[in-house]
Every structure is written in C-alpha cells, then in structure tokens.
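Start at 1 and go down the list; that is how both ligands and their atoms are numbered. The model shown is predicted, which means the values in this text are computed figures rather than measured ones.
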Amino acid sequence: MTQLSRKPPSVIAIYPGSFDPITNGHLDLIQRGSRMFDKLIVSILQNDNKQPLFGVEERTEMLREVVHVYPNVEVDSFDGLLVDHAAAHSATVLLRGIRAISDYEYELQMALMNRRLRPTIETIFMMANETYSFISSRLVKEVYGLGGNISGLVPPSVEARMHQRMSKSKLKGA
Ligand code: PNS
C-alpha cells in the first residue's frame, strides 16, 4: 500500500479547467468547494488546444469578478502538468465536477493519471446542483452564438461580456 502523509493542517485545493466562459455550474462547485477547503484556487489552463472565445486574461477577470465574495477563493492560470502546478501551491486536492455518467470515463482517466504522476495529490469529485447538470461552456457558446437565451446559465457579468464579444465580432464582419 502506498504510504501517504497525514492530513495537512490546512487543505488547499485546485479547481482546474478551461472556464471559457465560467458557467453557473462552475460557480456552484466553487461555492461548495469554498466551504470544504481552507483555500480553493481556481486555475485556468493556459495552453489549451481548443480555440478559446475568451483569452486567459479575460477569463481570469471574469472569474475574479464572480468569486470575490468568497474570501478563501483565488484565481490563477497554469501551463504544463496540473499536478506540478498543484504541488507548487502546496495543494493536496484537485477538485473536479461530475455532471453525468458521460463525464465519468474522462475524469477517471485524468484522476488516475494524476495519481500516478503524484500519488500524494487526491482528486475529489463533487456534483453540481442538478439545476446546472446540463450546462457546459461549449453549449452556452453555441446557444448564444445562434441567438438563444443564456440567462440563468452563466453569471450576469459573463452574459454581458458575451454580448460585448458577439457585438464586436458582428461589427468586424460588417
Ligand atoms: O475544463 P476542462 O477543459 O475539462 O479541463 C481540463 C483540464 C484543464 C483539467 C486538463 O486538461 C488538465 O489538467 N490539463 C493540464 C495538463 C495535464 O496535467 N495533463 C495530464 C492530466 S491527465
């Protein structure tokens, strides 16, 4: 059996993701995580292969705007291996959300790979409120891009930024 160290006096968790953009499902998880851990660091992946709608700086701003109400939540970004980023912050937990069984396979693979890379870091899964279980950043962007209503799916400040972004691209296209 792997010999693991005892619980640290203060538990720091990393909540990693693309957050392009943050949804109310993410926010629900952040709120739950902030009650469980001494410190929760929301970490945005910098070099994602996906073509993002919002740059890392803008995503950082959007996240900070909505998490400032939780004093033990911080926002940063990272490049490279997630477990190295976690270790650099003395984090012992990776927090991930599971919406439906379809998320499970990918999440299991990542959790086991991360455990292999750094056995001292534990992945913890939490379920967002069922109201948000169908929401994903990808669908929010798709629905909004096609003129659908996204209110209630993302924080109002994010909705405003999406509006700005789409108006800008329409102007460019005009
Ligand atoms: O919100 P996402 O896009 O599902 O988040 C995926 C994320 C950022 C958690 C994942 O891609 C990641 O951890 N990337 C960092 C690179 C890494 O450590 N890869 C090995 C982990 S299996």
Side-chain angles (χ1 to χ4, degrees), residues 2 11-34 36-37 39-67 70 73-145 150 153-155 157-159 161-162 165:
T2 319
V11 179
I12 302 171
I14 301 274
Y15 178 35
S18 310
F19 305 106
D20 182 41
I22 178 176
T23 67
N24 282 344
H26 294 131
L27 197 53
D28 181 74
L29 220 76
I30 291 170
Q31 186 187 27
R32 288 169 199 282
S34 75
M36 278 192 71
F37 306 109
K39 184 156 108 179
L40 180 67
I41 307 173
V42 184
S43 296
I44 305 166
L45 176 65
Q46 279 170 14
N47 278 347
D48 207 339
N49 290 333
K50 303 172 214 159
Q51 190 63 43
L53 178 63
F54 296 101
V56 172
E57 261 179 44
E58 208 170 352
R59 278 181 270 161
T60 308
E61 274 174 27
M62 285 193 277
L63 271 160
R64 288 198 175 130
E65 274 166 19
V66 290
V67 306
Y70 308 111
V73 177
E74 290 176 11
V75 180
D76 74 0
S77 61
F78 74 103
D79 209 356
L81 282 179
L82 172 61
V83 285
D84 290 347
H85 172 68
H89 284 84
S90 309
T92 51
V93 171
L94 302 174
L95 174 66
R96 291 287 287 173
I98 294 243
R99 288 166 300 192
I101 195 73
S102 48
D103 284 337
Y104 178 77
E105 216 166 310
Y106 170 60
E107 293 298 334
L108 176 72
Q109 270 188 337
M110 280 207 300
L112 295 181
M113 181 59 81
N114 285 329
R115 178 182 286 169
R116 189 191 163 95
L117 293 167
R118 273 196 197 254
T120 50
I121 296 183
E122 206 66 62
T123 300
I124 291 187
F125 295 110
M126 283 173 75
M127 287 34 155
N129 187 311
E130 62 278 8
T131 321
Y132 307 120
S133 63
F134 64 96
I135 306 177
S136 69
S137 301
R138 186 183 63 76
L139 272 186
V140 163
K141 286 183 281 193
E142 185 176 317
V143 168
Y144 192 79
I150 57 160
L153 305 183
V154 294
S157 55
V158 171
E159 198 180 338
R161 283 201 192 232
M162 300 239 346
R165 175 55 45 92

If you have a sec, work out which protein heavy atom is nearest [atom] and how many Å separate them, to one decimal?
atom                    : answer
atom 19 (N) of ligand 1 : L81 CD2, 4.1 Å
atom 5 (O) of ligand 1  : R96 NH1, 3.4 Å
atom 2 (P) of ligand 1  : S18 OG, 3.6 Å
atom 6 (C) of ligand 1  : Y106 OH, 3.7 Å
atom 10 (C) of ligand 1 : M110 SD, 3.9 Å

Shortest non-hydrogen separation from [X] to [Y] and the atoms involved:
X    : Y   : result
L94  : A86 : CD2-CB, 4.0 Å
L95  : G33 : CD2-CA, 4.1 Å
M126 : L29 : O-CD1, 3.6 Å
A128 : D28 : CA-OD2, 3.3 Å

Would you mind finding which of G17, P16, G80 brings a heavy atom closest to atom 15 (C) of ligand 1?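 Of the listed residues, G80 has the closest heavy atom.
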Please tell me whether S18 and D20 have a donor and an acceptor in their side chains that are separated by less than 3.5 angstrom.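 Note: S18 and D20 side chains miss the donor-acceptor criterion.
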Report yes or no: does [X] have a heavy atom closer than 4.0 Å to ligand 1?
X    : result
F19  : no
H85  : no
Q109 : no

Which residue pairs pass the salt bridge (Lys or Arg N to Asp or Glu O under 4.0 Å) test when at least one of the two sits in residues 81-91, sequence neighbours left out?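 For residues 81-91: D84-R118.
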Which of the atoms of ligand 1 are close to K50, meaning less than 4.0 Å from one of its heavy atoms?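 Those qualifying, in numeric order: 3 (O).
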Subset of ligand 1 atoms that lie under 4.0 Å from at least one heavy atom of L82: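 Here the atoms of ligand 1 in question are 13 (O), 17 (C), 18 (O).
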So, R64 side chain and V75 main chain: donor-acceptor pair closer than 3.5 Å or not?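 Indeed, once roles are kept as given, a pair shorter than 3.5 Å links the two residues.
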Under-4.0 Å salt bridge between E122 and R115: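 Salt bridge: yes.
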Is there a protein heavy atom less than 4.0 Å away from atom 12 (C) of ligand 1?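 Within 4.0 Å: no protein heavy atom nearby.
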I22 and its side chain to side chain contact (heavy atoms under 4.5 Å, CB included) partner, picked from I30, V42, V154: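 Of the listed residues I30, V42, V154, the side chain to side chain contact (heavy atoms under 4.5 Å, CB included) partner of I22 is I30.
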Should the proximity of Y15 to ligand 1, defined as any heavy atom under 4.0 Å, be assigned to the side chain, the backbone, both, or neither?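 Neither; nothing of Y15 gets under 4.0 Å from ligand 1.
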Could you tell me whether N114 and ligand 1 have an N or O pair separated by under 3.5 Å?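 There is no such contact.
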